[in-house]
Amino acid sequence: MKETKNLEFKSAITNTFLKTVSAYSNFGDGEVWFGVNDDGSICGINNPDQVCLDIENRINDSISPRPNFKLDIDYSRKIVRLIVQEGEYKPYMYKGKAYRRSDTASIEVDQEELRGLVLEGKNLYFEELACERDDLSFKELSDKLIEKLDITVASDDVLRTLGLFTKGKKYNHAAALLADENKFPGIDMARFGNSINEIRDRETIAGTSILKQYDKAVSMIRRYYQYEEISEIERKKVELIPETAYREAIANALIHRDWSMNAHIRISMFADRIEIKSPGGLPRGITEEEYLNGDISCLRNPILANVFFRMHYVEIFGTGIRRILLAYSNTKIRPKFTITEHTISVVLPVITNMYHNITSDEKKVVSALENGEQLSSSEIVKRTGYTKAKVLRLINSLKAKDYIKTIGNGRGTKYTI
């Protein structure tokens with residue numbers, strides 16, 4: 001047996017287990033087994049019935065509010081299992097501090113995580129909290145309402161319908177984010193040359209309406225990734241990156257990000273791709289698989305999402321991942337999503353001239369794999385005429401560039417686009 005994020009071993013009763021109880025109560029179910037050494041070997045514990053009473057008393061005396069837990073005794077091995085369930089009334093504090101699990105350790109949460117726990121415990125979203133200002137103006141929002149919904153002015157009744165007031169009739173954070181001026185971070189956009197050290201264009205837009213931020217971000221893709229091609233009497237717009245995918249990615253970054261974090265959304269533009277990085281990991285209650293599959297819509301900012309939905313910028317249901325992927329459905333290269341604890345990133349690759357950054361030898365390997373074929377390295381050797389060593393070297397290079405991927409392992413290994 002090994003310790004995991006959701007399983008901790010204790011050979012004896014010490015108060016350190018109370019940090020773990022706080023962590024499981026705040027961030028997800030878990031168990032603590034008493035009578036087991038750190039290496040997973042069983043040492044047993046004397047008088048398990050008395051130990052259960054001791055554990056219960058320590059939890060009740062030290063953690064507030066009272067967490068949900070139960071105790072189970074394995075008499076044959078003299079093990080006491082403490083089973084802790086995630087609670088509703090967060091944060092669960094031990095000695096005035098809240099904890100979370102980091103791998104197999106229980107560590108104190110930072111201020112942003114604590115603030116999130118407090119909101120979750122009150123069943124509130126950050127965007128619902130009262131704004132400090134009462135002199136907000138909404139010209140940008142009014143213009144959009146006229147353009148999109150035929151509403152003449154953003155009156156108090158309209159703002160109330162959009163959910164921009166607290167119960168105490170004060171502007172909330174969602175209102176501030178849609179106002180012409182605010183104190184929130186925004187979007188940092190940069191256009192790079194041959195490396196990240198070569199910045200050809202840069203613009204940071206912050207402290208203003210997220211509707212304006214959205215429009216500014218869209219103008220950047222039109223500037224650098226679209227052009228007109230004239231053929232005889234026809235004029236055709238060419239998109240190096242599908243604008244529908246980019247719009248969806250920007251809208252998602254704005255309405256799903258964690259606005260309590262003092263960090264910009266970052267848009268990095270390169271010759272072969274655009275990278276969009278949004279502060280804040282996944283919302284609580286949704287897994288990475290569910291997010292990427294679009295199975296569940298778990299909104300971090302439902303008020304902002306509702307406004308973007310009404311203006312037809314996004315669909316209220318789903319994460320938008322499917323729409324991004326749909327824009328690339330007829331291409332050989334796909335968007336790439338990366339999720340960490342504090343960020344969500346999407347890479348949108350250029351879809352025309354997609355082989356501009358690979359060698360002629362590498363292109364020959366890619367050509368062998370066209371039409372969705374799955375080939376072994378030996379089969380690629382036959383189609384290209386290269387040696388086995390050269391083919392393997394080219395395959396590794398193409399894998400590093402995300403052009404091809406591996407299927408299977410060992411003798412059954414194959415490669416595909």
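Position 1 is the first residue of the sequence, and the numbers go up from there.
Taking the ring axis of Phe27 as reference, the NZ or CZ atom of Arg100 does not stay both within 45° of it and closer than 6.0 Å to the ring centre. A cation-pi arrangement is found for Arg191 relative to Tyr225, the charged atom lying closer than 6.0 Å to the ring centre and inside a 45° cone about the ring normal.
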For a side-chain contact (heavy atoms from CB on, under 4.5 Å) check, start with the C-alpha distance between Ser367 and Lys363, then their side-chain angles and the critical distance, and finish with the verdict.
CA-CA 6 Å; Ser367 297; Lys363 187 173 182 181; 4.2 Å; yes
When you look at Trp33 and Leu82, which way does the side-chain contact (heavy atoms from CB on, under 4.5 Å) test go after all the steps?
CA-CA 6 Å; Trp33 290 15; Leu82 169 61; over 6 Å; no
Let's go through Phe34 and Ile13 carefully: what are the C-alpha distance in whole Å and the side-chain angles of both, what is the deciding distance for side-chain contact (heavy atoms from CB on, under 4.5 Å) to 0.1 Å, and is it a yes or a no?
CA-CA 7 Å; Phe34 298 90; Ile13 307 295; 3.2 Å; yes
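At a threshold of 4.5 Å between non-hydrogen side-chain atoms, the residues Glu127 and Leu304 count as touching. Taking the side chain as every heavy atom from C-beta outward, Lys336 and Arg334 never approach each other to under 4.5 Å.
Judged by distance alone, with hydrogens and angles left aside, the side-chain atoms of Glu113 form a donor-acceptor pair with the main-chain N or O of Asp110 at under 3.5 Å. Of the possible polar contacts, none joining the Lys90 side chain to the Leu117 backbone as a donor-acceptor pair under 3.5 Å is found. With hydrogens and angles ignored, the 3.5 Å screen pairs no side-chain donor or acceptor of Glu140 with any backbone N or O of Asp180. A donor-acceptor pair is defined here as one N or O able to donate and one able to accept, closer than 3.5 Å; no such pair exists between the side chain of Ser11 and the backbone of Val36.
For Asp143 and Lys139, the salt-bridge test passes: some basic side-chain N is under 4.0 Å from an acidic carboxylate O.
Residues Arg257 and Met261 share a closest heavy-atom pair of NH2-O, 2.8 Å. The two atoms that bring Lys216 and Ile205 nearest to each other are CG-CD1, 3.5 Å, heavy atoms only. Closest heavy-atom contact between Ala251 and Tyr313: CB-O, 4.5 Å. Nearest heavy atom pair, residue Tyr246 against residue Ala217, reads OH-O, 2.7 Å. The shortest non-hydrogen separation linking Ser102 to Ile107 is CB-CD1, 3.7 Å. The shortest non-hydrogen separation linking Pro349 to Ile241 is O-CG1, 3.6 Å.
Ring geometry for Tyr171 versus Phe165: interplanar angle under 30°, hence parallel rather than tilted (30 to 60°). Between Phe184 and Phe126, the angle of the ring planes goes over 60°, which puts this pair in the perpendicular group of the 30/60° scheme.
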